[in-house]
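Lettering of chains follows the sequences in order, A, B, ..., and the numbering in each one begins at 1.
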Amino acid sequence: MLDKRGSAWHALRLMSELPKAYEPQAVEAKWYAAWLDGKCFEADAASAKEAYSIVIPPPNVTGILHLGHVLNNVLQDILARRARQEGREVLWLPGTDHAGIATQAKVERELREKEGKTRRDLGREAFLERVWDFKNAHGDIIIRQLKRLGCSCDWSRERFTMDEAYSNWVSHVFVELFKKGLIYRGKRMVNWCPVSLTALSDEEVVMTPQRSKLYFMRYEVVDAPGESLEISTTRPETLMGDVAVAVNPKDKRFSKYIGRRVRRPFPEAEIPVIADDHVDMEFGTGALKITPAHDKADFEIGVRHGLEIIDVFTPDGHVDCPGCPDLHGLERFEARKKAAAKLEEMGLLLKVEEYENNVGFSERAHVPVEPRISMQWFLKYPCVKEAADAVANGDIRFRPERWAKTYAHWMDNLQDWCISRQLWWGHRIPVWYRAEKLEALKGAESLDMSDLAQGDIHVGTEPPADAENWVRDEDVMDTWFSSWLWPFATMSDLGEDSATLRKFYPTTDLVTGPDIIFFWVARMIMAGFEFAGGLPFRNVYFTAIIRDLQGRKMSKSLGNSPDPIDLMDKYGADGLRFGLMRIAPVGSDIRFDEAQIEEGRNFANKLYNACRFRQMAGSDQCRVISDQKELPPYHTDIMAKLDELGTDLGAAYEEYRFGEIAHRLYEFLWNEFCDKFLEAVKLDLRESATADARERTLGTFDAVMARYLQLLSPYMPHIAEELSVRMGYVGDGEFVMDKPLPDAPLIDFDAADAQARAAAVYETAGRLRNLKAEYKLSTRKDVRFVVKGAPDWLAGETAVLSLLVGAGGIVLDDAVSAPKGTPAALTPVGEVIMPLEGLVDVEAERARLGKEIEKIRAEIAKSEGKLGNASFVDRAPSAVVAQERERLTEWQSKLTQLSEMLGGLE
RNA sequence: GCGCGCUUAGCUCAGGGGUAGAGCACAUCCUUCACACGGAUGGGGUCGUAGGUUCAAAUCCUACAGCGCGCACCA
């Protein structure tokens, strides 16, 4: 069954005196280096094997590993490693993302703190050099951390979103979409981040409930002094930009004012009262001040009514309104207080109410975004229908499936994507403007597409020939505008035929968080259809979100986010991986508990010690078991259970039930292999045992453990490799990580009888231990048992049973007659009697039996009630009724027995 | 406001029309020659609430509540 081992491994095994507890750190580093050395992770695009591919969700290049990454990447690693074992050609393509805003902000902060300079002090070129320096210094931190975790990525294909080849793709895509008329430039209301000083996409705005105030004020009606319109607002600081007051046309309270004018207090101006359906009559006073420059809804109303747009803020969120010196230059939240105070002074402020509303925050800078009119580049999404259909019809499968609904909803409500960012770090927009034209229009900020004649703008991957006469657009693209090309732009250089792309695209699985369905997943699908001829992946597995035990999201500021590196130091990478997988449910969130990781470590230790036991038992060569049918039931049983485990895991992998796989691996090793099999076969390994017994047991151990380690390998790759080699389960220079899973089962005959016997012995052992414990005899080794009515085969197993129970002896005697009241248990092998020899406290025993009898009477009453119910007996399936009758009989005989025992004590 | 998900033992979670499950934690015992990162035994739950379907509901259905997450122009 097993190959002969080379003598080198044998010698290693003999020489090594294993420490009592597994020490993962050195082992893990050793094997990772060995895998890299053996080029185990490198994908061969020319391979004839079936392809399996995943592209990593690229972490931020300057980021550090957090538990979310760990979960995400361990899942991918498990999939990749399992696919290798299944004989597929695996590409797990790694890389990092330049993360425009996050990275630039980091470098700017460092610049400010260390040198007191801004990026503008340095200038674009010099600043970008700094960012590259930063990237080069810190960019591989997270990569090193992923390696520590054991990630089996093909590092020879590592990509970065600002690699030259990748950047070429980004520009190309921009130019192509522009040519198609899907990219346009325009002045629109965008989400403006006053800290990052850039526009953001809708997805980068996080709506957050805020405790704020609702200000009630009045605007005087111009032609009716003394009369005024009451208005409510949360943002009095935008009052200077008010150009109208709107009411609902159906609102009778205000109909008389429509078309008349009210007085804006500062800077003083007369503004019209207009009617618009958007206004909710129920809310506040029913009258809404209209500030088209600073509110999306107001902007739309402004467009409908042809209103003026008065911008009263600077890009960094300060008031820009020289006509109102009190407020001019104030920061926007200072200005809010000041504006309210001014209204109060003027007698125009009626009241202020506490109010909770949703405010959009900048995802990166964590400050409220400012709706702002500005000139930006926008994209109308391509291939929307294909992308929506692909998920709806199952060409791309989401797991859990419910996310498909979220996706569909978003796809149905697509808004144009603002893709320009006023940053320097990123892919610069590949657009040039004729210098003289720009001059004439006083800078690009006011440059609308309509202002540009054909010859004034150049959109291309290369600068125009007479570059000195042109000025390049200052903006860069949204980071996600490069990320959405990831599945194919990582696999091919633009314009070149790529063997990698042909072999590995579309990818098989994508593993990511549901929080980036819109940011990334949906956009990749659209880009895949538009630029790579089809869907980018077939399955998307959405991970759970990791929370702390209180259910809060992990965050730096809360300090509730454990450092995965610390966890690996304490428990090993395998321990972290396994512990996390055991608590990873399919759907909902994960409550992270370090105790779970500790269990992962304990499990590794248990496994290690099982193997250590094997080594201490003998250095015999693994023996080919010639006739499995000659084996004792425990041996057959454990092999059959391993076969079953292999089958079950296969099915679980099909359905991405990662938690279940971890659970089954744990259960098999601990409960079946160690607690049952190893305990049952210890007699075979004693000095007194025959060579034959010893060999069959070591042979079975090796056969089972060798395969088990293979099955475990995707989850705990390092220890699986270590033990496989130490135990001699892989040949010299071979790795267990990519060894093909065997097709043939260990047991190829009907093992039901043997398994039933093994189960009977294990269960009997449990009952008898239980009986000992009831009489407080757990630690006694001299307790003897007599079995009545045992099956023939049991005679050969009494020694094992005795060992499992910790008994002084077990005899089979159908004719035994014990005194009444002798403790006994009904077991699968017959009635077993435990003679007490008068060592037990009679009073306590009597009380215990009394309680037990009460309980059983209650059960009998319940069961009899059920069977006395005609509708149950008539209409329930006969098997169920029979089962119930059987139960009743069991209870009744138990009652008889207990009553006799009680009687025996009298 | 709409949608989705969750609610099972002290904790973290499986399960799913026919006698409530696991791991941890807890209690008692055991330092027995693989493992105290261990072994044995045990206590502990009317499966969120209220109705309905059914011979039978923790499981299916309907409401409701609590929590979480999306989406939404209510200032």
Inset, instruction - Answer yes if the ring centres of A:Trp403 and A:Phe398 are under 6.0 angstrom apart, and no otherwise. - result: no
Inset, instruction - Assess the pair A:Phe658 and A:Tyr715: is the distance between their ring centroids shorter than 6.0 Å? - result: no
Which part of the nucleic acid, if any, lies within contact of [X], taking any heavy atom under 4.0 Å across all strands shown: a base, the sugar-phosphate backbone alone, or nothing?
X	result
A:Arg769	sugar-phosphate
A:Pro877	base
A:Ala610	base

With rounding to whole Å, what would you report as the distance between [N] and [M] at their [atom1] atoms?
N	M	atom1	answer
B:A50	B:A65	C1'	10 Å
B:C71	B:U46	P	39 Å
B:U7	B:G44	P	25 Å
B:C2	B:C73	C1'	15 Å
B:C30	B:G66	C1'	45 Å
B:U54	B:A72	C1'	42 Å
B:A22	B:A40	P	14 Å
B:A34	B:U28	P	27 Å

Indicate whether OP1 or OP2 belonging to [N] is found under 4.0 Å from a side-chain N or O atom of [X].
X	N	answer
A:Trp670	B:G39	yes
A:Asn609	B:C37	no
A:Arg402	B:G5	no

Which one is paired to [N], where only Watson-Crick or G-U wobble pairs with both distances under 3.5 angstrom count?
N	answer
B:G44	none
B:C24	B:G10
B:C60	B:G52
B:C33	none
B:G3	B:C69

When the distance from [atom1] of [X] to [atom2] of [N] is rounded to whole Å, what number comes out?
X	N	atom1	atom2	result
A:Arg767	B:A40	CZ	C1'	17 Å
A:Glu598	B:A36	CD	C1'	12 Å
A:Tyr666	B:C37	OH	P	14 Å
A:Leu867	B:A56	CG	C1'	13 Å
A:Arg612	B:C33	CZ	C1'	11 Å
A:Lys20	B:A36	NZ	C1'	9 Å
A:Leu803	B:G39	CG	C1'	13 Å
A:Arg601	B:C24	CZ	C1'	14 Å

Legend entry - Face-on cation placement of A:Lys682 at A:Phe613 ring, 6.0 Å and 45° thresholds: yes
Inset, instruction - Determine, for A:Phe313 and A:Arg332, whether the Lys NZ or Arg CZ falls below 6.0 Å from the six-membered ring centre while staying within 45 degrees of the axis. - result: no
Inset, instruction - For A:Gly513 and A:Thr543, work out which heavy atoms get closest and say how close. - result: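 Taking A:Gly513 first and A:Thr543 second, the nearest heavy atoms are CA-OG1, 3.7 Å.
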Legend entry - Taking every non-hydrogen atom, the tightest pair across A:Ile860 and A:Leu895: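 In this case the closest contact between A:Ile860 and A:Leu895 is CD1-CD2, 3.9 Å.
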Legend entry - A:Thr208 side chain to A:Val206 backbone, donor-acceptor under 3.5 Å: yes
Any Lys/Arg nitrogen of [X] or [Y] sitting under 4.0 Å from an Asp/Glu carboxylate oxygen of the other?
X	Y	answer
A:Arg577	A:Glu28	no
A:Arg664	A:Asp648	yes
A:Arg235	A:Glu370	yes

Inset, instruction - Between A:Glu660 and A:Gly766, just flag the one whose closest nucleotide in RNA chain B comes earlier from the 5' side. - result: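 Between the two, 5'-proximity favours A:Glu660.
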Legend entry - First of A:Thr406 and A:Glu679 reached from the 5' end of RNA chain B, by closest nucleotide: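 Result of the comparison: A:Glu679.
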Side chains of [X] and [Y] only: does a donor on one sit below 3.5 Å from an acceptor on the other?
X	Y	result
A:Tyr608	A:Glu722	no
A:Thr889	A:Gln892	no
A:Arg612	A:Asn609	yes

Inset, instruction - Return yes if the base of B:C4 and the side-chain atoms of A:Lys405 contain a donor-acceptor N/O pair under 3.5 Å, otherwise no. - result: no
Collect all protein-nucleotide pairs involving nucleotides 71-75 of chain B in which both atoms are nitrogen or oxygen and the distance is under 3.5 Å.
unit_1: B:A72; atom_1: N6; unit_2: A:Asn358; atom_2: ND2; d: 3.0
unit_1: B:C73; atom_1: O2; unit_2: A:His278; atom_2: ND1; d: 2.5
unit_1: B:C73; atom_1: O2; unit_2: A:His278; atom_2: NE2; d: 3.3
unit_1: B:C74; atom_1: O2; unit_2: A:Asp280; atom_2: OD2; d: 2.0
unit_1: B:C74; atom_1: N3; unit_2: A:Asp280; atom_2: OD2; d: 2.5
unit_1: B:A75; atom_1: OP2; unit_2: A:Tyr355; atom_2: OH; d: 2.6
unit_1: B:A75; atom_1: O3'; unit_2: A:Thr234; atom_2: OG1; d: 3.4
unit_1: B:A75; atom_1: N6; unit_2: A:Asp280; atom_2: O; d: 2.8
unit_1: B:A75; atom_1: N6; unit_2: A:Phe283; atom_2: O; d: 3.2
unit_1: B:A75; atom_1: N1; unit_2: A:Asp280; atom_2: N; d: 3.2

Measure from the side-chain heavy atoms of [X] and tell me the nearest of [options].
X	options	result
A:Lys682	B:A34, B:G39, B:G70	B:A34
A:Arg582	B:A34, B:G23, B:G18	B:G23
A:Val880	B:G42, B:G18, B:C35	B:G18

Inset, instruction - Evaluate whether atom CD of A:Glu401 has more than 12 neighbouring non-hydrogen atoms of other residues, nucleotides or ligands under 6.0 angstrom away. - result: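 For A:Glu401, atom CD is not crowded (no more than 12 foreign heavy atoms under 6.0 Å).
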Atom pairs under 3.5 Å: protein N/O with N/O of nucleotides 19-21 of chain B:
unit_1: B:U19; atom_1: O2; unit_2: A:Arg887; atom_2: NH2; d: 3.3

Inset, instruction - Might you work through the ring-ring contact (aromatic ring centres under 6.0 Å, His included) test for A:Phe673 and A:Tyr708, ending with a clear yes or no? - result: CA-CA 10 Å; A:Phe673 191 79; A:Tyr708 178 78; 7.4 Å; no
Short N/O separations, protein against nucleotides 27-32 of chain B, under 3.5 angstrom:
none

